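Just so we're clear, the structure is a prediction, and the values are computed from it rather than from any experiment. Starting from 1, each residue takes its place in the sequence as its number.
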Amino acid sequence: MGLRCITTCKLDALKSVCLPNALSDSTTLVNGENIGSVTNHLSSNEEMASGRSEAEKSPEVNASTEQPSGGDDVSEAEIRKNKGRLKNGRGRTQSQGGRAGKSQGFPPNSFDRVLLDAPCSALGLRPRLFAGLESVISLRNHGRYQRKMLDQAVQLVRIGGILVYSTCTINPSENEAVVRYALDKYKFLSLAPQHPRIGGPGLVGRCEFPDGYVEEWLKPGEEEMVQKFDPSSELDTIGFFIAKFSVGPKD
C-alpha cells in the first residue's frame, strides 16, 4: 500500500517483553522512546525458518522457479506440477517484498495500544471442518496458552493505554475465562466500553467439569462490557469475541 509508517517485526509472542538492560542491537530507541523500531533485517537465506542454505533447500522450492528440461530423468507428472507452479506465480518463500525485521522483544510499557488477536480453536468459523479434533482438554489448553500471551501483552501497554483481546471462537475457556483471569490477576486492568456495540453479552457464572476443574467466567455487570458474536444469531456473522481493557496505574 506504499505506507512508510509501519514497522513489521517477527518474534515469539511468548517472549515479546525484553527488559531494557537486555536489549540487543535488533531493537532501538526512536525519538527517545522504546518503540522497538527494527534496524536489523534478515537476508533471504536467514529468513528461512530452517536456517538452511540455498543448496540445502528442498528441490521442490527450487523447482518452483525453474521450468524442467523435460529430459529422461523428469517425469510427466513433475512437468505438469511445475507448470502449475509457474502459472500460480511466486510463493511466499520467493517473495521479493519487504522483509520483516527480527526482534528480540520490547521493553515494558512500550505501546499505547496493543491488540492480542490470539491463536484459538477457531470454533466460530464457518464452516469449521476440523472441530471434531478438539476435546475438552485441548480446549482448556488453548486458554492456558492465551493467558501466557496476555501476560506478555499486559506488560507492553503503558499506563493509560488500551489492550484489546480477541478470538474467533465461541469457547468460554478462551473468552470469558481469559477475561476473568486478566481482571483477577491484574488489578490495574478494567473493562472499557466498546463503540460501536454490535455483538451480544458474554457469559456470566462458572462451569464445573466432571473431573472437578472449575472455570470462572464473568461476574454480573461485566457481561455487557464485552462483545460476543454468535454464528446462530440474527447478525449472521462468524463467531468471535472482543474484550477491551483500560490500563490503570501499575503500582
Decide side-chain contact (heavy atoms from CB on, under 4.5 Å) for Tyr181 and Gln146; before the verdict, give the C-alpha distance in whole Å, the side-chain angles of both, and the deciding distance to 0.1 Å.
CA-CA 11 Å; Tyr181 167 82; Gln146 291 151 354; over 6 Å; no

side-chain contact (heavy atoms from CB on, under 4.5 Å) between Val226 and Ile242, intermediate numbers included
CA-CA 6 Å; Val226 302; Ile242 308 171; over 6 Å; no

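- A cation-pi arrangement is present between Arg140 and Phe209, with the terminal nitrogen or guanidinium carbon under 6.0 Å from the aromatic centre and inside a 45° cone about the axis.
- Using a 4.5 Å heavy-atom threshold, the side chains of Cys207 and Pro172 count as separate.
- Salt-bridge check for Lys187 with Asp251: failed, with every basic side-chain N at 4.0 Å or more from each acidic carboxylate O.
- Between Pro231 and Ile238, every side-chain heavy-atom pair lies at or beyond the 4.5 Å cut-off.
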Report the C-alpha separation of Ser166 and Phe241 in whole Å, then their side-chain angles, then the decisive distance to 0.1 Å, and conclude whether the side-chain contact (heavy atoms from CB on, under 4.5 Å) test is met.
CA-CA 5 Å; Ser166 67; Phe241 180 87; over 6 Å; no

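- Note: Ile170 CD1 to Ser232 OG = 7.5 Å, rounded to the nearest 0.5 Å.
- Rounding to the nearest 0.5 Å places CG of Asn109 at 6.5 Å from CD1 of Ile159.
- In this structure, Glu176 and Glu215 have side chains that are not in contact, with every pair of non-hydrogen atoms separated by 4.5 Å or more.
- Taken together through direct or relayed side-chain contacts under 4.5 Å among Ile, Leu, Val, Met, Phe, Trp and Tyr, Tyr186 and Val178 form part of one hydrophobic cluster.
- For the atom pair CD (Glu222) and CG (Leu203), the distance works out to 12.5 Å, reported to the nearest 0.5 Å.
- Using a 4.5 Å heavy-atom threshold, the side chains of Pro119 and Met149 count as touching.
- The closest side-chain heavy-atom distance from Lys10 to Ser103 is not below 4.5 Å.
- Heavy-atom minimum distance, Arg158 versus Ser110: NH2-O, 3.0 Å.
- If you take OG on Ser173 and CZ on Arg147, they are separated by 8.5 Å, rounding to the nearest 0.5 Å.
- In this structure, Asp117 CG and Leu115 CG are separated by 5.5 Å, a value rounded to the nearest 0.5 Å.
- Arg197 has a carboxylate O that lies under 4.0 Å from a charged side-chain N of Glu224, or vice versa, which qualifies the two as a salt bridge.
- The distance from the SG atom of Cys9 to the CD1 atom of Ile6 is 11.5 Å, given to the nearest 0.5 Å.
- Ring pair Phe229/Phe240 is parallel by interplanar angle, where below 30° counts as parallel and above 60° as perpendicular.
- What you find for Leu123 and Leu139 is that their closest heavy atoms are CD1-CD2, 4.0 Å.
- Phe188 and Phe111 fall within a single hydrophobic cluster, where Ile, Leu, Val, Met, Phe, Trp and Tyr are joined by side-chain heavy atoms under 4.5 Å apart, directly or via other members.
- Smallest separation of non-hydrogen atoms from Gln227 and Ile198: OE1-N, 2.7 Å.
- At a threshold of 4.5 Å between non-hydrogen side-chain atoms, the residues Leu191 and Leu183 count as touching.
- In terms of heavy atoms, Thr169 sits closest to Ala122 at CB-N, 4.0 Å.
- A donor-acceptor pair shorter than 3.5 Å cannot be found between the side chains of Ser121 and Asn171.
- Here the closest non-hydrogen pair linking Pro107 and Leu156 is O-CD2, 3.7 Å.
- Side chains of Val164 and Val114 form no contact here, defined as non-hydrogen atoms less than 4.5 Å apart.
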Using the side-chain contact (heavy atoms from CB on, under 4.5 Å) rule, take Leu11 and Lys102 through it: C-alpha gap first, then chi angles, then the decisive distance, then the call.
CA-CA 6 Å; Leu11 74 160; Lys102 185 177 181 181; over 6 Å; no

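- The heavy-atom pair separating Val17 from Pro108 by the smallest distance is CG1-CG, 4.0 Å.
- Phe245 has its ring centre no less than 6.0 Å from the ring centre of Tyr165.
- In summary, Glu216 and Arg180 do not engage in a salt bridge, as defined by a charged side-chain N under 4.0 Å from a carboxylate O.
- In this structure, the side chain of Gln194 engages the main chain of Met225 through a donor-acceptor pair within 3.5 Å.
- Side-chain atoms of Cys120 and Glu174, non-hydrogen and from C-beta on, do get closer than 4.5 Å to each other.
- For the residue pair Thr167 and Asn175, a side-chain donor N or O sits within less than 3.5 Å of a side-chain acceptor on the partner.
- Transitive grouping of hydrophobic side chains (ILVMFWY, heavy atoms separated by less than 4.5 Å) brings Leu125 and Leu235 into a common cluster.
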